[in-house]
Amino acid sequence: MKLEIRLCGFGGQGLILASKLLSQAAIIDGKIATQYQTYGAQVRGGTVKGDVVISDKRIDHPTVIKPDMLVIMSQDAYKKYGNFVKDDGIIITDPFYVKGIEREHIEVPFYETVKEELHSTLPLNMMIISFLAKYTNTVSEESIKKAVLEKIPPHTVEINTKALEIGAEFGEKFKK
Amino acid sequence: MSNAKLVQGDIACAMGAIDAGCRFFAGYPITPASDIAEEMSKLLPMVGGKFIQMEDEIASMAAIIGGSLAGAKSMTATSGPGFSLKQENLGFAIMAEIPTVVVNVQRGGPSTGLPTLPSQSDMMQARWGTHGDHEIIAIIPYTVEEVYYETIRAFNLAEMLRTPVILLMDEVIGHMSENFKRPDKSKIEIINRKFPTKTPEEYFPYDENEGLVPPLAPFGKGYRYHVTGLAHDKTGFPSTHEESVKRLMERMRDKILNNRAIIDKCDIRKEGNEEIGIFAYGSSARTSIEAIDNLKEKGIDVALMRPVTIWPFPKEQLLEFAKGLKKIVVPEMNFGQIVGEVKKYLSDDVEIIPLNKYTGRLITPEEIVDKILEG
Amino acid sequence: MDTDTKLKYLRTEKLPHIWCPGCGHGIILGALLKSFDKLGWEKNDIVVVSGIGCSGRTPGYIDANTLHTTHGRALAFATGIKMVNPALHVVVVMGDGDASAIGGNHLIHAARRNIDLTAIVFNNNIYGMTGGQYSPTTPFGAKASTAPYGNIEPNFDLVELAMGAGATYVARATSYHEAILEKYIQNALLHKGFSFIDVYTTCPTQFGRLNKIKSPIDNIFMLRDKAIMKSKAEKMSPEEIKGKVLIGEFRNDKEKREYTELYDEIIRRATKKEM
Ligand SMILES: Cc1ncc(C[n+]2csc(CCOP(=O)(O)OP(=O)(O)O)c2C)c(N)n1
Ligand code: SF4
Ligand SMILES: [Mg+2]
């Protein structure tokens, strides 16, 4: 098994942290993972991407060339990275941020959901990784939770845990 | 469950430095090496060590030489433009024989170039960046784990041989994160510099009678002596006397060349039946390994030579590796710096095929596979 | 007696020194050696660091831990030494070009940090070693081998520079006024923090030759004639002061915290895991 995931969007959405947490969770599960990011000109606001590779065995070439899963969280990121995905790869977009996609893709309302259910968009990234873990069946829910709890400040535990639960629900729902 | 953690290359370098016993770091911020400085500023005071952000890279290199002379294992870390600025004082450390570790996380150049993108274009600068004839040790790890262990080895070699050691990484190796388990302290070998066994009256800091690497007394421990970047005799005082210059130059050369057994490190993966080989280092070696796996599936066996110590150049190992090979592909993220060395030592019987990329992007496994299939 | 005290800290076997007859550098060296003796400092605890230039040869004659570095970078090397072993007395001797041209950046930052180093500039207003090229302290209009028509660059006042940068002890002396020089060096050595002395001195071989100040003794008289005590100058008119070099102690601030002490506090906090 080798799965390459790319999260792209704009700075401030927490996607780079998300890519790190997803990799860390995979490692807690006993897998091999790499993580690598590209920053735009500015850390806040510019286009960013966080790449994750999860595998059962050693990962050689260190970065993602064409991902198996491409999560797009901004129109600019779509323009920049939308064409780079494996032939049988899956594109996931948030309809709140990305519109007018011609290729086959799955729309997951991450933004609207966290906003409505949690009255905050901060845990958006948490919902995404939890979704991905469930949807791809590669990372366990416990490990995601463990990786997240190691990194976040105590007062955000409740809201982030909620976001993880919602993400997992959605992951299950969108799985065919 | 595993107890490995997701660790970034730059952070592993800082961990390795701390575990090697580094207690002084001086640096100046530059992408993609700043994470090393940031981590050192946090870790060093926790172990009683010291960190300072100097006014530039010239000062950083100077400060670590001073720190090392005062007795602390010392390191600086930088990238291209800063590595250029360090060159004069790097030469001072070579001439005065002061152990130091200099990290260069390579990014695209020349000049400010590509600050956030990888390259391997300072390979020759590491070899010949400072003026004057000299030998140098440069190490180029290819994984986060290897960054940690090779940082420790860089300190060991620096302290053992009284010389600066250059640790070359690249933006990807520095910025990427992957599985790493910090080993138990008891599992790592730490080598400290030799302290003089002689009394201060009998001590000479550059005494040939002490072998190729005379012991170095830290300043302030009762051994008063002189250190200069001028050519000097065994006492450390300037001398232009031909015989003494010759002895100094040759000893400094030989302490590297005669200690190749401990300096050299090469990862060779060869079964013996291959006709094609790849000579690759750093992140390009990772790509090469993936390409080799892909080619194996196609029924093509390809051997790999991955120098971990790139300077001094592994000539003997290359000659051995090339035996039986018809061609050797040399992928590099530059115009072809190391391929020149490979060509230098091999006869025309082996075809040397450079594969170069200088756009700040990693070479891909596909590009290597294509190169091998096409030729 | 005088000779004896100098000899005590001198590497006599390294004599004769390389300096020209009438060069002021030797006088500054003498004052430094006598100051060590006055303070009774242990040789093993003294580090003397220099850059490159005629002044850069000074440490070679001192029986201490001595380091002759690269041009302009002495303060940066010294910073590393002091950081790693704050118990050492670290003295940095520099030429004017060394300290204020190529090493100007290190000077202002060492001063700003207030790290406990004593910096002494052997300021002969010229690049002595390389043959009399103009330096940042060459007076406007003076001749230099690279200013054959006269220097058109305004010159640095190194005392102002050091004060502006945050040095906590700042003084100027000359190699003519030996007693004053010695006193300031001792004050500087005892000062906790960055201490700075600009020593106005002679280079008969280059500055004197190019500016028609013929004999070594005339060069030394130039110091005498140009220098006036700061306290005296305060009572003089601007016209009277014009072209003069003010000597005296310009700052002696004991309040500002010293760098390595502040860093020790960082270590205390870090080892207690307080961020
Ligand atoms: C990087 C570098 N540039 C230039 C030189 C050549 N150089 C040696 S000494 C010197 C100037 C010395 O003048 P100063 O610092 O005033 O010292 P003095 O000789 O007057 O005591 C120069 C430019 C050098 N050694 N290194
Ligand atoms: S050239 Fe000038 S500074 Fe150098 S030794 Fe001679 S007189 Fe002194
Ligand atoms: Mg001068």
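All values below come from the heavy atoms of this structure, side chains included, with hydrogens, waters and symmetry mates left out. Order of the sequence lines sets the chain letters (A, B, ...), proteins ahead of strands, with each chain counted from 1. Keep in mind the model is a prediction, meaning the values are calculated, not measured.
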Exercise for the section: Any chance you could lay out the side chain to side chain donor-acceptor pair (under 3.5 Å) test for B:N89 and C:R73, step after step, and finish with the verdict? Expected result: CA-CA 9 Å; B:N89 284 336; C:R73 319 299 173 195; 5.7 Å; no

Practice task
First locate atom CZ of B:F237, then atom NZ of C:K14, and finally report the distance between them rounded to the nearest 0.5 Å.
Solution key: 4.5 Å

Completion exercise
Between the CD1 atom in B:I65 and the CD1 atom in C:I81, the distance rounded to the nearest 0.5 Å is 10.5 Å

Non-hydrogen side-chain atoms of [X] and [Y] separated by less than 4.5 Å:
X      : Y      : answer
C:N85  : B:F219 : no
C:N44  : B:Y223 : no
B:L230 : C:H68  : yes
B:H226 : C:R11  : yes
C:L67  : B:L69  : yes

Handout entry: Engaged part of C:D63 at the chain B interface, taking heavy atoms whose separation is under 4.5 Å
Key = both

Exercise for the section: Go through the atoms of B:I64 and report whether side chain, backbone, both or neither lie under 4.5 Å from a heavy atom of chain C. Expected result: neither

Practice task
Name the region of B:A72, side chain, backbone, both or neither, that has any atom closer than 4.5 Å to a heavy atom of chain C.
Solution key: both

Would you indicate whether [X], at its atom [atom1], is surrounded by more than 12 heavy atoms from other residues, nucleotides or ligands within a distance under 6.0 Å?
X     : atom1 : value
C:K38 : NZ    : no
C:K43 : NZ    : yes
C:E13 : CD    : yes

Sort out for me which of [options] touches chain B most, counting heavy-atom pairs under 4.5 Å.
options                     : value
C:P59, C:A64, C:A87         : C:A64
C:H106, C:E42, C:R112       : C:H106
C:V84, C:I46, C:T66, C:N105 : C:T66
C:G60, C:S50, C:G103        : C:G60

Problem - Proximal to chain C - members of residues 48-57 of chain B, heavy-atom separation under 4.5 Å - result: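 Within residues 48-57 of chain B, near chain C: B:G48, B:G49, B:K50, B:F51, B:I52, B:Q53, B:M54, B:E55, B:D56.
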
Practice task
Please determine, among B:A70, B:P218, B:G91, B:P200, the option with the most heavy-atom pairs under 4.5 Å with chain C.
Solution key: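 Top count of heavy-atom pairs under 4.5 Å with chain C: B:A70.
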
Completion exercise
On a heavy-atom basis, the closest approach of B:P45 and C:Y263 is CD-OH, 3.6 Å

